[in-house]
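Numbered from 1 within each chain, the chains take letters A, B, ... in sequence-line order.
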Amino acid sequence: MSDSRTTSAPVLPRAWPFEEAQKLATHVDARTAKAGADDARPALLETGYGPSGLPHIGTFGEVARTSWVRQAYTALTGRPSRLLAFSDDMDALRKVPDNVPNRDMLEKFIGQPLSRVPDPFGTHESFAAHNNARLCSFLDSFGFDYEFASSTQYYTGGRFDAALKRVLEVHEEVVGVIAPTLGPDRRATYSPVLPLHPRTGEVMQVKMDAVNAQAGTVQWTDPATGEKFETPVTGGHAKMQWKADWAMRWYALGVDYEMSGKDLIDSVRLSGRICRILGGEPPAGLTYELFLDENGQKISKSKGNGLSVEEWLRYAPQESLGQFMFNQPQRAKRLYFDVIPKTADDYLTHVEKAKTLQAADPKGNDLRANPAWFINKGDIANNAGSPVSFGMLLNLASVANAETPEVLWGFIRRYDASVSPETHPMLACLVEHAIAYYADFVRPAKTFRAPSDKERAALVDLADALRGYEGEAADASTLQNLVFEIGKRHEFEPLRSWFGCLYEVLLGQKEGPRFGGFVALYGVRETVALIEAALLREQQG
RNA sequence: GAGCCGGUAGCUCAGUCGGUAGAGCAUUCGACUUUUAAUCGAAUGGUCGAGGGUUCGAGUCCCUCCCGGCUCACCA
């Protein structure tokens, strides 16, 4: 490695967002060079959203990943940029979703733009407005920096007018791109322009009788009535069929970067061709892989396989979900419960590494290649990360029967007295999640065996003895001695079988924590209740 | 039919532009403990799908093939 080589070209941090940022920078440079100083606007990154459904884990992934490209672009060039979250809310309602109320009402609005369909929840002025609001609050909950854009507002506000007229000028060429990809039926009627029916409001998929580029109108016939119409394409009186819509939007807004799933590979290609026909340059972008479930099957909302954002966030902090999205976007990854703890710990490991790197050089390439640098938005706080791994907390929650964070904190403080929820907020967060994980997955799998008569007598004794300590500040060793004494009094041989009994009968597991310590943390009264419940369960069974 | 991704330890995967094959879990052993468990330490374990090529050197780059999976081809 010679000096001349290291000084000639700056080495990019070895992380995929920087490679993407490099592509974006090249794209912006080309655009600026072509248009001159007239086009010195910020780099524009776009993410698309279809408001016929609710935001989901893919939505999170796309916005998170695009945000990281933007962060890398800023670090790389120092130039301004914008992130537009574009909602295609003028798209027609195709079918009534399963998971909404008032489905009969919605049935009547099939074919109408989503922004003109009433809100089945009755809280917003339209179904689209409702889902747009859900999108925004979803994105806000993660702290994403973005600008929301409504397709309907852009169309009706005239922001697409010039581009729409341009589409009419090259109408036949656009048809020539899309038509060969369609089946014979659709091919016969295809037009990139979908006029809104002046009376019914329906998004019409009909053949154009004539296209008048100069007037900015299209002529078409209502197949139901035979009535002929001439509709302006401007001002929200028509919209584009989706591939053409994408292309027109790229062209009209000058989108510089947009990523998409591999299911859209063909669409990206076709929309790119249309964008060039219009006279634009399609954005740079990344094709990311789709998520698979545990068995390698595609995740689909209708099947309900895979994992939702809500589920993930119940069992681990949101940073871990970011970590999952950061890893290898171009590789299909399985998304199911088992990956959560590992991913959370991967993140924690990166945070510790990043803190060291940041202290050494806040602008270093190694730091900027670290996932935590992206996930924490370029600044890793001193109290980020956790001295205890998530995996360890899960084990601890399991063996300690941790029903509440306090129980877990008792064990943690014994492990390191200097940590607390105040000094280690991430650890506090992990504890909460570990409790949820335990409650949902570990506890239900426990099997409690019935005590033998001998064990039963000993347990009754233990409960009686413990009652003597209720309300007192009993320490762990006193309680441990008490438990030990009762075991000896009842002549358990070997004595460890007495402890085995406690774990299997009371905690539903083969192993457990030192029992005196457990009682001290779990509570004397609560332990008595635990014993009584076990004895009662036995009588009923 | 078109395109994409993968095949590395028993399992799940990592492998940082070619330089002595790694982690976690699992298994086994040990340390600690008035029984345990957590925890800590160690060991075991791989023809890197197959074959060829480039190279002093290939899990890594190129070609061919095998196996598995996914996406698109109706709509967005």
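- Residues satisfying the ring-ring contact (aromatic ring centres under 6.0 Å, His included) criterion with A/Tyr288, sequence neighbours excluded, are absent altogether.
- At the phosphate of B/A76, OP1 or OP2 sits under 4.0 Å from a side-chain N or O atom of A/Gln241.
- For RNA chain B, if you chain together Watson-Crick or G-U pairs that step i with j, i+1 with j-1 and so on, the runs of at least three with distances under 3.5 Å are B:1-7 with B:66-72, B:10-13 with B:22-25, B:27-31 with B:39-43, B:49-53 with B:61-65.
- Contact of the A/Thr287 side chain with the A/Gln330 side chain is not registered, since no non-hydrogen atoms from C-beta on lie closer than 4.5 Å.
- Side-chain nitrogen and oxygen atoms of A/Asn395 include at least one within less than 4.0 Å of the OP1 or OP2 phosphate oxygen of B/U39.
- Within 4.0 Å of A/Gly50, counting heavy atoms only, lies no atom of the nucleic acid at all.
- Between A/Arg331 and B/C4, a side-chain N or O to OP1/OP2 separation shorter than 4.0 Å is absent.
- An OP1 or OP2 oxygen of B/U71 is reached within less than 4.0 angstrom by no side-chain nitrogen or oxygen of A/Gln330.
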Shorter than 3.5 Å, N or O on both sides, protein versus nucleotides 23-28 of chain B: list them out with atom names.
none

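- Contact check, A/Gln480 against B/U36: no side-chain N or O comes under 4.0 Å of OP1 or OP2.
- Within 4.0 Å of A/Phe515, counting heavy atoms only, lies at least one base atom of the nucleic acid.
- With hydrogens and angles left out, the side chain of A/Tyr336 and the base of B/U12 share no donor-acceptor pair within 3.5 Å.
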